[in-house]
Number of protein chains: 2
Amino acid sequence: MSLRHAVLGMLADAPGSGYDLLKRFESRENNAWSATQSQLYGELGKLAQTGLIEMTVAGPRGRKEYAITEAGRHELREWLLDPVPPQPARNETLLRMYFLGEVEPAQAREYVRRQGAEAEEQAERLDALDEAIPWDDSDRSFYGRLVLEWGKRYAAMQREWADWAEHRIRANRG
Amino acid sequence: MSLRHAVLGMLADAPGSGYDLLKRFESRENNAWSATQSQLYGELGKLAQTGLIEMTVAGPRGRKEYAITEAGRHELREWLLDPVPPQPARNETLLRMYFLGEVEPAQAREYVRRQGAEAEEQAERLDALDEAIPWDDSDRSFYGRLVLEWGKRYAAMQREWADWAEHRIRANRG
DNA sequence: TACTCCATGTAATAGGTTACATGATTTG
DNA sequence: CAAATCATGTAACCTATTACATGGAGTA
């Protein structure tokens, strides 16, 4: 149940409406978690009901701004220090790799090449993001940068692996 | 809907029962996809109903062995050559990173250190797996090895990142 | 005979996606 | 005033997890 905690964490950073959080999911948080609009509003309702967050400002157009409560902050800290349960791996790109013997080597190569190209694009997006964000000395910036660095390294690893794999397919399968 | 394709792919490799596939998920495929027993049996039923797989042998203890059909193989190939839709990122470990400002620097460091240790264990598991698997010249082995290499590089990247992050926290937060 | 492993299934619940529906406010 | 953006919500459906339930076959 991590959406719950993603929301708590974001509201611990700063209060906001469902609409606000949605945008935060689309930009920064993107790297680590995602949620649909539908899901978000539902979760905000549940969190408010259980008292982990509360509505603080009612704005125009039915805007509801929420803030984390003490109970919510407590829940967030508990979750942060919990041992992370092993995550069920779900990587569709990688899953397909297993079965590429079903298609022509040229198609397999093309598939891998494309993964590499996408990783490169991702690396560029992250570099741009890095330069666009006004980093400061806050915890938010500090830990955010660690996450961004993770993303960069992940993208680089994928690109290097794709290059390697492409050559191997050419050498061994044609 | 990738479980469907994971099952098709595994049955394209070799026929098997739900029980068999479950074990394959737990070992090799582990790196890329996972499924529970419950889900698997349900999916096998649906695939059989739509004719993408068929029961070929009824064994002892109600054992039902399935094989992929021509229609199933066709579906599998189509899926393999489809462009991979962007995957919703869901990485709980990374998600927590964003919010580590909520806890003491020492606790944050410990959290990151633990991630590094787990990555190292994973690397060791993969090395052991590599040596334990009787690789041959088949497509299955060939592409399986590419996936394994991906896993090794991923584990290495995580470990290096964790080391780096740990030092950074110590230097900047205490 | 007891234990382990093989083997399949269902029900309840939770989590996630897509589509539909509606309307206010701001800006050019 | 038209268009873009802000803003929330619901319903239907699909996917995934946990727990429960049952029993056959092989082996020490």
Side-chain angles (χ1 to χ4, degrees), chain A residues 1-8 10-11 15-27 29-30 32-50 52-66 79 84-92 95, chain B residues 1-8 10-11 15-27 29-30 32-50 52-66 79 84-92 95:
Chain A
M1 229 195 319
S2 285
L3 171 60
R4 172 188 218 84
H5 297 107
V7 170
L8 283 176
M10 286 195 278
L11 290 180
S17 66
Y19 193 84
D20 291 340
L21 295 185
L22 203 63
K23 278 186 296 180
R24 293 196 218 167
F25 264 119
E26 277 161 13
S27 60
E29 242 65 39
N30 201 334
W33 210 262
S34 64
T36 59
Q37 178 257 37
S38 184
Q39 212 187 345
L40 233 188
Y41 284 109
E43 194 64 44
L44 284 169
K46 277 184 246 164
L47 282 166
Q49 264 196 343
T50 54
L52 298 181
I53 64 176
E54 58 186 354
M55 207 222 299
T56 48
V57 187
R61 279 162 292 191
R63 183 173 204 275
K64 295 175 185 173
E65 195 171 289
Y66 294 96
W79 172 73
V84 183
Q87 307 203 200
R90 252 173 214 130
N91 185 331
E92 188 173 329
L95 177 63
Chain B
M1 227 195 321
S2 286
L3 172 60
R4 171 188 219 83
H5 298 108
V7 169
L8 283 176
M10 286 197 277
L11 290 180
S17 65
Y19 193 84
D20 290 341
L21 295 184
L22 203 64
K23 277 185 296 178
R24 293 196 218 169
F25 265 119
E26 278 161 12
S27 60
E29 243 64 41
N30 201 337
W33 211 261
S34 64
T36 58
Q37 178 256 37
S38 185
Q39 212 187 345
L40 232 188
Y41 284 110
E43 195 63 46
L44 284 169
K46 277 183 245 164
L47 282 167
Q49 263 195 342
T50 55
L52 298 181
I53 63 174
E54 59 184 355
M55 207 223 299
T56 47
V57 187
R61 279 161 293 191
R63 183 173 203 272
K64 295 177 186 173
E65 194 170 289
Y66 294 96
W79 172 75
V84 182
Q87 308 203 199
R90 247 166 220 135
N91 185 331
E92 188 172 329
L95 177 64

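To find a chain, count down the sequence lines: A is the first, B the second, and so on, and within it residues start at 1.
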- Message: Looking only at the side chain of B:Trp33 (C-beta and beyond, no hydrogens), which of the listed nucleotides D:dA16, D:dT15, C:dC6 gets closest?
- Response: D:dA16
- Regarding the side chain of A:Thr36, the nearest nucleotide among D:dT18, D:dC6, C:dT17 is C:dT17
- Message: Closest-nucleotide mapping onto DNA chain D: is B:Glu43 or B:Ser38 further toward the 5' terminus? I mean the 5' end.
- Response: B:Glu43
- Query: Taking side chain as C-beta onward, heavy atoms only, is A:Asp20 less than 4.5 Å from A:Tyr66?
  - Reply: no
- Please examine the side chains of A:Leu11 and A:Leu21, heavy atoms only from C-beta on, and report whether any two atoms are closer than 4.5 Å. yes
Phosphate oxygens OP1/OP2 of [N]: is one of them under 4.0 Å from a side-chain N or O of [X]?
{"X": "B:Lys64", "N": "C:dG9", "value": "yes"}
{"X": "A:Arg63", "N": "C:dG23", "value": "no"}
{"X": "A:Tyr19", "N": "D:dC6", "value": "yes"}

Check: protein-nucleotides 26-28 of chain C nitrogen or oxygen pairs below 3.5 Å:
none

- Position toward the 5' end of DNA chain C (nearest nucleotide), B:Gln39 or A:Leu3: B:Gln39
- Does B:Leu22 or A:Ser2 map to a spot on DNA chain C nearer the 5' end, using the closest nucleotide for each? B:Leu22
- What about A:Gln37: does its side chain form a donor-acceptor pair under 3.5 Å with the base of D:dT8? yes
- Message: Can you list everything that forms a side-chain hydrogen bond (donor to acceptor under 3.5 Å, both in side chains) with B:Glu54? Sequence neighbours excluded, please.
- Response: none
Acceptor/donor pairs from residues 38-47 of chain B side chains to any protein atom, 3.5 angstrom cut, sequence neighbours excluded:
from, atom 1, to, atom 2, distance (Å)
B:Tyr41, OH, B:Tyr19, N, 3.4
B:Glu43, OE2, B:Arg4, NH1, 3.4

Once side chain to side chain contact (heavy atoms under 4.5 Å, CB included) is applied, do any residues pair with [X], and if so which ones, sequence neighbours excluded?
{"X": "B:Pro85", "value": "A:Glu92, A:Arg96"}
{"X": "B:Val57", "value": "B:Glu65"}
{"X": "B:Arg61", "value": "none"}

- Query: Using a cut-off of 4.0 Å on non-hydrogen atoms, how would the nucleic acid contact of B:Arg4 be classed: base, sugar-phosphate, or nothing?
  - Reply: nothing
Atom-pair distance ([atom1] on [X]; [atom2] on [N]), nearest Å:
{"X": "B:Phe25", "N": "D:dT17", "atom1": "CZ", "atom2": "P", "result": "11 Å"}
{"X": "A:Asp20", "N": "D:dT8", "atom1": "CG", "atom2": "C1'", "result": "13 Å"}
{"X": "A:Met55", "N": "D:dA7", "atom1": "CE", "atom2": "P", "result": "14 Å"}
{"X": "A:Lys23", "N": "D:dA7", "atom1": "NZ", "atom2": "C1'", "result": "10 Å"}

